[in-house]
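Some notes on the structure that comes next.
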Amino acid sequence: MLSLQYGFINTCLKSLVVDKFGEETWMKLRDEAGVQDTFLTYEVYKDDITMQLVAAACKLLDVKPDVVLRQFGEYFFYFCKRSGYDHMLRTLGGNLFEFIENLDALHSYLALSYKEMNAPSFRAERNGDGTMFLHYYSDRRGLCQIVPGIIEAVAKDFFNSEITMEIVNQIEEVERTGKKEHVVFLVTQKPTFLNVVCSNKLPQTPPCLPRGPRRNGFSMCRNHWETVRGLVQLGKGKLLRGFEPVYPKNLCIDLKTFCNAFPFHIVFDKELMVRQAGVNIQKIVPGLQTISIHLDQYFSIVHPEVTFTISSIRKFINSHFVLQTRRDMMPEAWRDRPMLELRGQMLWMESLQCMLYQASPLLRSLHELEERSMHISDIAPHDVTRDLILLNQQRLAEMELSNQLERKKEELRLLSQHLEEERTKTENLLYAMLPKHVANQLKEGKRVEAGEFKECTILFSDVVTFTNICSECEPIQIVNMLNSMYLKFDRLTTVHTVYKVETIGDAYMVVGGVPIPVSSHAERVANFALGMIIAAREVINPITGGPIQIRVGVHSGPVLAGVVGEKMPRYCLFGDTVNTASRMESHGLPNKIHLSPSVYLVLKDKGFMLQERGEIDVKGKGRMSTYFLEGNLAATEHQIMGRSVKEADSGRASAQSARDCNTEAALYRLGKQASPVLAGGLPSPDHQLTRATLSQSPTSIEAEAPPSAKHIRTSFCVVL
């Protein structure tokens with residue numbers, strides 16, 4: 001049989017994890033268990049979900065299941081209190097024994113609203129030494145450790161008492177017909193479970209009153225004057241003695257009146273033979289009018305799940321009993337109706353050796369009343385079942401409304417989450433096209449003023465013989481080549497924190513020091529340029545099958561930056577610095593990084609390898625002394641590319657690396673052979689130098705660039 005439970009349990013478990021360990025732990029536990037994030041209170045879920053959550057919690061927190069279940073039991077009690085069940089729980093009993101004895105009645109009441117609820121059952125037995133045995137029955141195996149957590153929390157909170165619980169037996173009673181787990185706990189408490197009077201000291205018992213056995217903590221021996229004194233004190237608001245009922249010598253009610261006043265009662269003897277029945281139950285089950293019929297012929301016991309014998313019933317006599325009519329023994333008119341269920345109390349009458357079953361119809365709503373062709377008038381006026389049906393009808397309507405609200409709330413939460421994800425994607429796309437602070441100003445409807453940057457470094461690059469490649473290749477080959485190259489370049493912009501301005505065809509433009517001014521703009525762009533040369537070797541020329549060749553030009557100077565356009569706004573740079581950087585690229589050489597004099601002046605003392613090219617004619621600029629950037633003495637290729645170094649000999653100490661760096665730098669200055677990161681060649685595999693002048697420590701980035709750094713604007717229409 002598929003076991004189900006309401007989302008209230010899983011919601012409590014989620015609340016426990018969030019309160020004790022945080023939201024992040026719950027997300028990990030949820031992912032580990034493979035369950036949803038939210039549970040609806042009135043929705044029914046499979047038990048497997050709860051068991052998966054418990055197993056995941058044990059694995060994630062590295063604790064035993066018993067610890068998790070015990071903690072959950074304690075938290076479940078306080079969660080129920082916070083959820084509005086505080087007063088209901090407090091009024092179950094005046095001590096722990098009474099509380100446990102009435103748990104089944106509470107579950108029965110809640111079942112009126114929660115039809116699919118499959119609650120456990122409890123039975124308590126007092127012991128002479130003040131301890132008690134708690135019998136726990138459940139269809140769900142392996143969850144018995146929840147019980148000590150709950151009961152210990154109840155004892156401490158409601159009765160200000162410390163108790164201990166230990167399992168003394170795990171059996172299956174022969175009286176029970178259901179395949180349920182039966183666990184017996186020994187509950188030890190101080191003070192004992194007997195209802196000891198805890199008020200001020202009582203007057204000492206007179207000598208005439210023997211200190212004999214006591215019932216419920218009060219003496220059973222009382223004379224006439226004690227009764228009078230008790231009544232007098234009761235009238236004054238203070239009861240000195242325990243209440244003792246007074247019974248008449250004869251029952252002052254005739255049989256017909258009794259059968260009409262309690263229309264659903266049944267009296268039967270040890271052999272289950274019916275001796276007496278109420279008028280309405282006779283009307284519904286006419287067989288009860290037959291002399292010498294047996295009760296188990298017409299009814300079966302639904303709760304508790306015990307065999308239909310007097311001994312079994314007497315053993316569970318403190319439980320409420322639910323009997324259901326047998327379909328094959330009902331009149332023809334009932335064949336297509338749901339069977340009638342009765343819920344009530346079993347009372348053993350020792351003098352008559354008979355059992356009285358005082359019951360009422362178990363009906364949850366007016367709809368169930370109509371299904372059985374019954375009316376409110378069939379229930380005795382004094383029976384609160386009439387009120388329960390009407391109140392529960394309203395309760396069910398409120399629950400349905402609450403359930404709908406919960407569903408709508410969950411739908412809104414999912415929509416909000418989806419909207420947030422889409423908003424993040426949109427923002428990432430926008431931040432890839434414009435600087436973040438500029439994009440935020442545009443989103444707020446503000447005007448973005450153009451800004452002047454007195455110092456920055458601009459880089460241009462292009463692919464050598466790109467026109468020839470386009471003329472001899474298919475368009476898709478050009479697209480794949482450029483996309484492969486630009487993805488690598490985009491990742492490097494994140495590694496070295498430079499801003500990608502735009503791409504037009506094969507031209508790639510970045511800037512350092514804009515839109516956020518930094519003093520190390522030239523070093524950042526220089527390291528980025530070295531990375532471009534290395535990355536270009538991994539991009540295949542579709543014509544030759546070898547690596548492509550690129551030209552790189554770099555220039556430093558002032559620029560004016562601002563947003564141009566409204567329909568497709570672009571963050572553009574203006575000024576002679578842009579033109580000069582472009583000229584450095586167009587007058588450069590394949591696989592070379594061409595530097596202007598201004599860049600040379602910034603980098604010459606920063607650990608970079610620079611080679612003088614000499615004076616050349618630059619279009620629009622005349623004669624200029626330019627330079628080539630050959631490498632960075634203070635960084636390895638892995639550092640330039642932002643990759644993790646994975647060498648076979650990983651045990652080399654960083655101190656040795658620093659010594660190697662100093663040695664090679666000295667050799668370079670002496671004109672000896674060294675192994676720096678060169679723009680034209682790879683360093684030796686074992687070469688490692690410490691980073692000294694990198695503007696930002698490159699992170700280990702193996703994957704593609706984040707959305708904010710990916711290639712966005714490439715005008716392929718110009719190329720094709």
Side-chain angles (χ1 to χ4, degrees), residues 2-85 110 114 116-120 136 138-154 156-157 165 167 181 183 402-403 405-425 703 706:
L2 183 64
S3 192
L4 304 171
Q5 64 183 352
Y6 283 88
F8 184 82
I9 303 296
N10 296 329
T11 301
C12 175
L13 186 54
K14 174 185 176 180
S15 180
L16 167 63
V17 175
V18 173
D19 287 353
K20 300 290 185 181
F21 305 101
E23 185 73 31
E24 185 178 349
T25 303
W26 162 250
M27 294 175 65
K28 292 180 181 178
L29 192 151
R30 175 200 65 191
D31 295 339
E32 176 72 23
V35 301
Q36 64 265 43
D37 182 72
T38 305
F39 302 94
L40 303 180
T41 303
Y42 304 108
E43 189 74 18
V44 179
Y45 298 91
K46 294 181 181 179
D47 276 356
D48 293 344
I49 294 177
T50 307
M51 302 307 294
Q52 290 169 10
L53 286 172
V54 172
C58 296
K59 180 179 179 182
L60 191 63
L61 303 176
D62 192 23
V63 294
K64 295 181 179 180
D66 291 356
V67 177
V68 174
L69 293 174
R70 205 177 187 101
Q71 179 101 11
F72 173 72
E74 180 182 355
Y75 188 86
F76 181 71
F77 167 67
Y78 294 107
F79 186 78
C80 290
K81 287 180 60 179
R82 294 204 311 262
S83 301
Y85 294 97
L110 294 176
Y114 299 90
E116 302 295 333
M117 187 173 73
N118 183 16
Y136 162 79
S138 176
D139 283 330
R140 302 177 176 91
R141 296 186 179 276
L143 299 180
C144 63
Q145 288 298 334
I146 293 178
V147 178
I150 296 176
I151 300 302
E152 288 173 6
V154 169
K156 185 176 181 180
D157 190 278
M165 295 183 63
I167 296 177
E181 182 179 47
V183 181
S402 178
N403 195 21
L405 290 175
E406 272 195 304
R407 290 180 181 276
K408 292 297 181 183
K409 179 182 177 182
E410 178 63 12
E411 290 175 5
L412 287 174
R413 188 189 69 82
L414 294 176
L415 287 174
S416 177
Q417 180 180 344
H418 181 67
L419 181 62
E420 181 64 23
E421 292 173 356
E422 295 301 320
R423 186 185 68 82
T424 302
K425 292 179 183 178

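- No more than 12 heavy atoms of other residues, nucleotides or ligands lie within 6.0 Å of CD in Glu24, so this atom counts as exposed by the packing criterion.
- Rounding to the nearest 0.5 Å gives a distance of 5.0 Å between CD of Gln36 and CD1 of Ile49.
- Enclosure of atom NZ in Lys28 is not indicated, since only 12 or fewer non-hydrogen atoms of other residues, nucleotides or ligands lie within 6.0 angstrom.
- Taking the charged nitrogens against the carboxylate oxygens, Arg423 and Glu420 do have a contact shorter than 4.0 Å, which makes a salt bridge.
- To the nearest 0.5 Å, atoms OH (Tyr136) and CD (Glu181) are separated by 6.0 Å.
- The OG atom of Ser15 sits 10.0 Å away from the CH2 atom of Trp26 when rounded to the nearest 0.5 Å.
- Heavy-atom minimum distance, Ile150 versus Gly73: CG1-O, 3.1 Å.
- A 4.5 Å side-chain heavy-atom check between Asp157 and Phe77 finds at least one atom pair inside the cut-off.
- Using a 4.5 Å heavy-atom cutoff, the side chains of Leu143 and Met51 are in contact.
- To the nearest 0.5 Å, the span separating OG on Ser83 from OH on Tyr78 amounts to 14.5 Å.
- Across all their heavy atoms, Ala33 and Gln52 have their closest contact at O-OE1, 3.2 Å.
- Side-chain contact between Ile167 and Cys144 is present, with at least one heavy-atom pair separated by less than 4.5 Å.
- The aromatic rings of Phe8 and Phe79 sit tilted relative to each other, their planes meeting at an angle between 30° and 60°.
- Glu410 has its side chain within reach of Thr38: a pair of non-hydrogen atoms, C-beta onward, lies under 4.5 Å apart.
- Counting heavy atoms from C-beta on, the side chains of Val183 and Val147 never come closer than 4.5 Å.
- Counting heavy atoms from C-beta outward, Asp19 and Tyr75 have side chains that approach closer than 4.5 Å.
- Two residues are said to be in side-chain contact when any heavy atoms from C-beta on lie closer than 4.5 Å; Asp37 and Arg413 meet this criterion.
- Here CD1 of Ile146 is found 12.0 Å from CD1 of Ile151. Values are rounded to the nearest 0.5 Å.
- Residues Thr25 and Leu60 come closest through the heavy atom pair O-CD2, 3.8 Å.
- Under the 4.5 Å side-chain criterion, counting only non-hydrogen atoms from C-beta, Arg70 is in contact with Glu152.
- Atom-to-atom distance recorded for Leu69:CG and Glu74:CD is 13.5 Å, nearest 0.5 angstrom.
- Using modelled atom types and a 3.5 Å distance limit, the side chains of Tyr45 and Thr50 yield no donor-acceptor pair.
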